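Please read the structure below before turning to the comments.
The structure presented is a predicted model; accordingly, all values stated were derived computationally and were not measured.
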Amino acid sequence: MKVKINRNAAKVLKEMLNKEENQGKMVRVFVTSQHGDHVHYGFRFDTPGENDTVVETNKGIPVILEKDNEWLDGVWIQYFYVPEEGFIISNPQKGNNHHLY
């Protein structure tokens with residue numbers, strides 16, 4: 001499984017991971033809902049379980065993904081400052097994305 005993170009997202013996620021409440025945790029990307037041929041993504045700070053795999057990203061941030069979930073293989077975590085500030089998680093291989101605020 002693969003995960004990409006843009007430079008802005010890596011910076012923001014590292015800051016968030018350094019907060020006391022997130023010590024010892026990693027970023028988990030998950031599917032929040034599925035509607036036919038597309039899904040919505042979310043993320044939280046968590047620890048891996050037995051049904052998970054940990055993927056090292058292109059920016060050195062490990063990400064937890066649910067094993068065998070085809071919608072998660074190839075996700076791209078991006079953070080933009082304009083037109084509005086926030087995360088976008090998409091999967092270019094699946095052609096879907098969802099804003100997170």
Side-chain angles (χ1 to χ4, degrees):
M1 298 186 93
K2 296 181 181 179
V3 177
K4 286 177 53 177
I5 298 179
N6 76 356
R7 187 178 344 169
N8 293 340
K11 178 183 173 189
V12 173
L13 287 172
K14 284 178 184 177
E15 290 171 0
M16 295 170 86
L17 284 164
N18 284 330
K19 291 184 177 182
E20 185 175 334
E21 65 267 21
N22 295 326
Q23 293 299 308
K25 296 183 179 178
M26 293 182 241
V27 176
R28 173 185 294 277
V29 174
F30 56 95
V31 173
T32 60
S33 61
Q34 183 173 351
H35 307 283
D37 64 347
H38 76 280
V39 298
H40 296 264
Y41 296 101
F43 82 92
R44 67 177 179 260
F45 300 102
D46 201 359
T47 55
E50 64 181 55
N51 294 323
D52 297 323
T53 187
V54 176
V55 177
E56 190 70 26
T57 65
N58 61 319
K59 299 292 187 240
I61 297 174
V63 174
I64 304 167
L65 301 175
E66 179 186 7
K67 289 180 187 173
D68 303 321
N69 187 328
E70 67 177 279
W71 295 101
L72 296 174
D73 188 19
V75 294
W76 190 10
I77 305 168
Q78 300 174 84
Y79 191 88
F80 295 101
Y81 292 98
V82 290
E84 55 187 275
E85 193 170 338
F87 286 96
I88 295 177
I89 299 178
S90 63
N91 190 332
Q93 298 172 8
K94 302 291 184 186
N96 57 66
N97 62 62
H98 183 65
H99 283 267
L100 300 174
Y101 301 102

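- No option in V55, V54, I61 other than V54 meets the side chain to side chain contact (heavy atoms under 4.5 Å, CB included) test with M26.
- Atom CE of residue M16 and atom CD of residue E21 lie 9.0 Å apart, to the nearest 0.5 angstrom.
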Side chain to side chain contact (heavy atoms under 4.5 Å, CB included) evaluation trace for D46 with F30: CA-CA 11 Å; D46 201 359; F30 56 95; over 6 Å; no
Between V29 and I89, does a side chain to side chain contact (heavy atoms under 4.5 Å, CB included) hold up when you go through it step by step? CA-CA 9 Å; V29 174; I89 299 178; 4.2 Å; yes
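- Residue pairs that meet the side chain to side chain donor-acceptor pair (under 3.5 Å) test with at least one member in residues 49-68, sequence neighbours left out, are R28-D52, E66-N69.
- Judged by distance alone, with hydrogens and angles left aside, the side-chain atoms of T32 form no donor-acceptor pair with the main-chain N or O of G42 at under 3.5 Å.
- In the hydrophobic clustering of ILVMFWY residues, with side-chain heavy atoms under 4.5 Å counting as a link, I64 and I5 come out apart.
- Using a 4.5 Å cut-off on side-chain heavy atoms (C-beta onward), N91 and W76 make no contact.
- Across all non-hydrogen atoms, the minimal contact from P92 to G74 is CD-O, 3.6 Å.
- For the pair L13 and Y79, the minimum side-chain heavy-atom distance is 4.5 Å or more.
- Looking at heavy atoms from C-beta onward, I77 lies out of side-chain contact with F43 at the 4.5 angstrom threshold.
- Sorted by first and then second residue, the side chain to side chain donor-acceptor pair (under 3.5 Å) pairs with a member in residues 4-19 form an empty list; sequence neighbours excluded.
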